[in-house]
> 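What follows is a structure written as structure tokens; I'll ask about it next.
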Amino acid sequence: MIPAAQALDKAATDPSRSRARKAALGSFVGAVVDWYDFLLYGIVAALVFNSAFFPSVGPAMGMIAAFATFGVGFLFRPLGGVVFGHFGDRLGRKRMLVLTVMLMGLSTAAIGLLPTFASIGWWAPVLLVALRAIQGFAVGGEWGGAALMAVESAPEGKKAFYSSGVQVGYGVGLILSTGIVSIISQSIDNAAFKSWGWRLPFLFSVVLVGVALWIRSSMEESQEFVKEVEVGHHKARLPVLEALRNHPGGFALIIALRLAELFTMYIVTTFALSYSTANLGLSRDLFLHIGLIVGSVSCVTIPCFAWLADRFGRRRVYLTGALIGALAAVPFFLALEARATLPIVIFAVLLANISHDMVVSVQQPMFTEFFGASYRYSGAGVGYQVASVVG
């Protein structure tokens, strides 16, 4: 028998632990869907979109145009951060997280059904850009809400670990997007892949959205939000302006701190895939397999680095990761130019799984704690997405 006081404590803490686990799971699953969709676009853009949607401008300009549409997603992320942040701070985190995952999944599936330039001419790239903008808008609202649900529901002293699923979702999304493209690419010939095979991974998004909506519907609203905003009635009329007024340095810090993350991951997963296949004659399967390796390893490294950050301090973990990224970048490019497969893989893992994963493992609690609860979704979310554009 346990004493009555201990029984009461256990009864009080068990619901909070259950809430924390559900919040962590919901944030993770939604992040998987959003990053699967967002990264899939970059992978297929590097392989197909220049010929499918921009065939009349030549191979080089077609590649530039394909990656310009990739960049459109980044441009619309701050807008998503502002809109979803505003309503997330006023109406709650959970509602916005359900909406972001629906928008992302439906726009991705629509890309899979989109006619190419050969069928409808210039309407094809126009519609592609519009759908990419919706993707960027949706993912712009995802990170802030997912991070807040996990951080605000996590036990004290374990906030980095409980919220690390938001970043692990990136790794799983990378595994799924790269893996499905790789399987389809190897199962059919190149002509079939460029004709219709590339559409299948986009249509698969509908399945992931269904799973994410089912899990997120069981989440409870962040209790910190309920206490501060719904019960305390501390609603900000314009949360993003409140965040700017009260914590202007928070935005600058987020932008500066995210550069190490953005440079390391996108160099490996997007730029190197396109550059090496178009200019160096390397097999596209090499970087698709590197994407699988990087995504798989991150599922272990990010929670481990987050645990270390909770135990030994976020600053130490972040600075170590940033230093490793600075030291590994130049050797990675030299390995690319030398077409040396083993060094390419080694430095890709150093950049993506050591440098990148150390940096992102601390971001959720670090960035969200820059701002007050009544404008935190707007502050952290907008700062995070503006940093994406700058990066």
Side-chain angles (χ1 to χ4, degrees), residues 28-54 63 66-67 69-70 72-73 100-117 119 124-125 127-136 138-139 142 168-213 265-266 268-274 277 283-296 298-299:
F28 161 72
V29 173
V32 169
V33 175
D34 278 356
W35 284 117
Y36 168 84
D37 293 348
F38 201 77
L39 292 168
L40 176 64
Y41 189 101
I43 294 169
V44 178
L47 301 174
V48 175
F49 284 176
N50 61 323
S51 58
F53 291 93
F54 305 96
M63 183 63 70
F67 273 102
T69 63
F70 181 71
V72 166
T100 57
V101 80
M102 285 182 62
L103 269 179
M104 177 59 87
L106 292 176
S107 60
T108 301
I111 291 174
L113 298 172
L114 195 61
T116 63
F117 187 92
S119 299
L127 292 172
L128 180 67
V129 170
L131 291 171
R132 181 60 176 171
I134 295 172
Q135 279 192 322
V139 83
E142 169 65 26
V168 174
Y170 180 100
V172 176
L174 182 60
I175 293 170
L176 287 174
S177 58
T178 308
I180 290 176
V181 171
S182 182
I183 290 170
I184 294 172
S185 175
Q186 293 177 23
S187 301
I188 59 180
D189 61 40
N190 192 53
F193 180 81
K194 289 191 172 185
S195 174
W196 56 267
W198 65 268
R199 298 179 182 276
L200 300 180
F202 287 94
L203 298 176
F204 179 68
S205 178
V206 174
V207 177
L208 296 179
V209 169
V211 174
L213 288 175
M265 180 56 77
Y266 284 105
V268 172
T269 60
T270 302
F271 173 78
L273 171 62
S274 174
T277 54
S283 168
R284 73 184 179 196
D285 290 334
L286 169 62
F287 276 92
L288 291 175
H289 292 153
I290 286 175
L292 289 173
I293 293 170
V294 165
S296 301
S298 72
C299 297

> Let me see the working for Cys299 and Ile175 under side-chain contact (heavy atoms from CB on, under 4.5 Å), right down to the final yes or no.
CA-CA 10 Å; Cys299 297; Ile175 293 170; 4.0 Å; yes
> Looking at CZ of Phe202 and CG of Leu40, how far apart are the two atoms once the value is rounded to the nearest 0.5 Å?
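CG of Leu40 is found 4.0 Å from CZ of Phe202.
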> Sort out for me which residue in Val206, Leu200, Leu208 forms a side chain to side chain contact (heavy atoms under 4.5 Å, CB included) with Phe204.
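Considering Val206, Leu200, Leu208, a side chain to side chain contact (heavy atoms under 4.5 Å, CB included) with Phe204 is found only for Leu208.
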> Where is the tightest heavy-atom contact between Ala138 and Asp34, given as atom of each residue plus distance?
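Taking Ala138 first and Asp34 second, the nearest heavy atoms are O-OD2, 4.5 Å.
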> In sequence, state the C-alpha distance, the side-chain angles, and the governing distance for Tyr41 and Leu128, and then conclude on side-chain contact (heavy atoms from CB on, under 4.5 Å).
CA-CA 10 Å; Tyr41 189 101; Leu128 180 67; 3.4 Å; yes
> Can you tell me how far apart CG (Leu174) and CG (Leu292) are? Round to the nearest 0.5 Å.
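Nearest 0.5 Å value for the CG-CG distance: 7.5 Å.
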> What's the verdict on side-chain contact (heavy atoms from CB on, under 4.5 Å) for Val33 and Glu142, showing C-alpha distance, side-chain angles and the deciding distance?
CA-CA 10 Å; Val33 175; Glu142 169 65 26; over 6 Å; no
> Where is the tightest heavy-atom contact between Val181 and Pro201, given as atom of each residue plus distance?
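Heavy atoms only, the tightest pair is CG2-CG, 4.1 Å.
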> What's the separation between atom OG in Ser185 and atom CH2 in Trp198, rounded to the nearest 0.5 Å?
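The OG atom of Ser185 sits 14.5 Å away from the CH2 atom of Trp198.
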> Give every donor-acceptor pair under 3.5 Å between a side-chain atom in residues 104-116 and any protein atom, sequence neighbours left out.
residue : atom : partner : partner atom : Å
Ser107  : OG   : Leu103  : O            : 3.0
Ser107  : OG   : Met104  : O            : 3.0
Thr108  : OG1  : Asp37   : OD2          : 3.2
Thr108  : OG1  : Met104  : O            : 2.8
Thr108  : OG1  : Gln135  : NE2          : 2.8

> Could you tell me the separation between the CG atom of Leu286 and the CD1 atom of Ile290, rounded to the nearest 0.5 Å?
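The distance works out to 4.0 Å.
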